[in-house]
Amino acid sequence: NLATVTYEDAAGNVYSAQSNEAIVTVAQVYSATIGVDVDVSAAPGQTVYLPYVLTNTGNGNDIYDLSAVNGITNGDTIDSASITIYHDLNGSGEPDAGEPVVSSLDLPANVNNFANLVVAVDVPANATDAQTLGITLTATPQSIAANPASIVTDVTAGAGRDALDGTNESLITITGDAVLVTTKNSVHNVAANEITYTVTVRNNGN
């Protein structure tokens with residue numbers, strides 16, 4: 001921003017004077033959200049799909065490192081031998097053919113600033129009724145090294161089980177009863193101006 005003033009003296013001479021230049025640089029604001037904690041029932045031997053949404057709410061690109069491990073704050077009784085994070089490109093709530101396994105995601109700001117994630121958890125085949133399996137998903141912005149205030153906010157009420165940002169703690173409870181799993185897909189037919197939704201319900205229990 002540069003101000004210029006032009007003036008004329010009594011003799012009709014025209015002059016101009018300029019101010020100093022003021023430069024304002026817009027800084028990148030780093031912020032994001034992850035959530036929410038998930039509570040589900042599962043049968044022994046079932047693969048459980050835990051859905052999450054990671055959103056870049058800042059004003060610039062950022063890269064987020066992702067991890068999912070056994071265990072939650074209040075404890076559980078069994079562990080999974082296989083935990084995998086998928087980028088759920090179509091938002092179906094479960095990994096489909098061609099959807100990538102991820103350990104980090106580069107998310108832009110504004111347009112397309114979110115990613116649907118699915119954490120696939122294998123429940124042990126020898127699990128028994130009422131046992132619990134806890135999974136902690138952690139999202140860490142790479143910008144945190146240079147910007148300690150850069151955080152990923154847990155949008156679960158009260159910041160979830162651990163009351164901490166950057167994590168989601170989900171709990172799987174083993175049951176011998178029916179376990180209904182619902183997934184939804186949508187297909188947008190632009191020419192017909194029509195969206196077709198398909199809802200699938202499966203009983204993965206006993």
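Quick caveat, the model's predicted, so the values are computed rather than measured.
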Test your reading of the model: is there a side-chain donor-acceptor pair from [X] to the backbone of [Y], 3.5 Å cut-off?
{"X": "Ser19", "Y": "Ala3", "value": "yes"}
{"X": "Thr156", "Y": "Val36", "value": "no"}
{"X": "Thr57", "Y": "Ser31", "value": "yes"}
{"X": "Asn113", "Y": "Thr55", "value": "no"}
{"X": "Thr175", "Y": "Ser41", "value": "no"}
{"X": "Asp76", "Y": "Gly134", "value": "yes"}

> Do Ile83 and Asn70 have side chains that get closer than 4.5 Å, going by heavy atoms?
Replying inline: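 The answer is yes; the side chains approach within 4.5 Å.
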>> Would you say that more than 12 heavy atoms from the other residues, nucleotides or ligands in this model lie under 6.0 Å from the CG of Asn189, or not?
In response: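 Buried by this count: over 12 neighbours within 6.0 Å.
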> Are more than 12 heavy atoms from other residues, nucleotides or ligands located less than 6.0 Å from atom CG of Asn112?
Replying inline: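 No, not enclosed.
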Are [X] and [Y] linked by a side-chain donor-acceptor pair shorter than 3.5 Å?
{"X": "Tyr52", "Y": "Ser170", "result": "yes"}
{"X": "Asp122", "Y": "Thr47", "result": "yes"}
{"X": "Ser150", "Y": "Ser143", "result": "yes"}

> Taking Asn116 as the fixed residue, which of Asn90, Asp88, Leu54, Leu89 is the one that meets the side chain to side chain contact (heavy atoms under 4.5 Å, CB included) rule?
Replying inline: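 Among Asn90, Asp88, Leu54, Leu89, the one meeting side chain to side chain contact (heavy atoms under 4.5 Å, CB included) with Asn116 is Asp88.
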What closest approach, in Å, do [X] and [Y] show between heavy atoms, and which atom pair accounts for it?
{"X": "Ile63", "Y": "Ser104", "result": "CG2-CB, 4.4 Å"}
{"X": "Asp129", "Y": "Gly176", "result": "OD1-N, 2.6 Å"}
{"X": "Asn59", "Y": "Val26", "result": "ND2-CG1, 4.2 Å"}
{"X": "Pro108", "Y": "Asn56", "result": "O-ND2, 3.2 Å"}

> CG/Asn61 to CG/Asp106 distance, rounded to the nearest 0.5 angstrom?
Replying inline: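 It is 5.5 Å, given to the nearest 0.5 Å.
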> Do Arg161 and Asp154 meet the salt-bridge criterion of a basic N to acidic O distance under 4.0 Å?
Replying inline: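 Salt bridge between Asp154 and Arg161, a charged N being under 4.0 Å from a carboxylate O: no.
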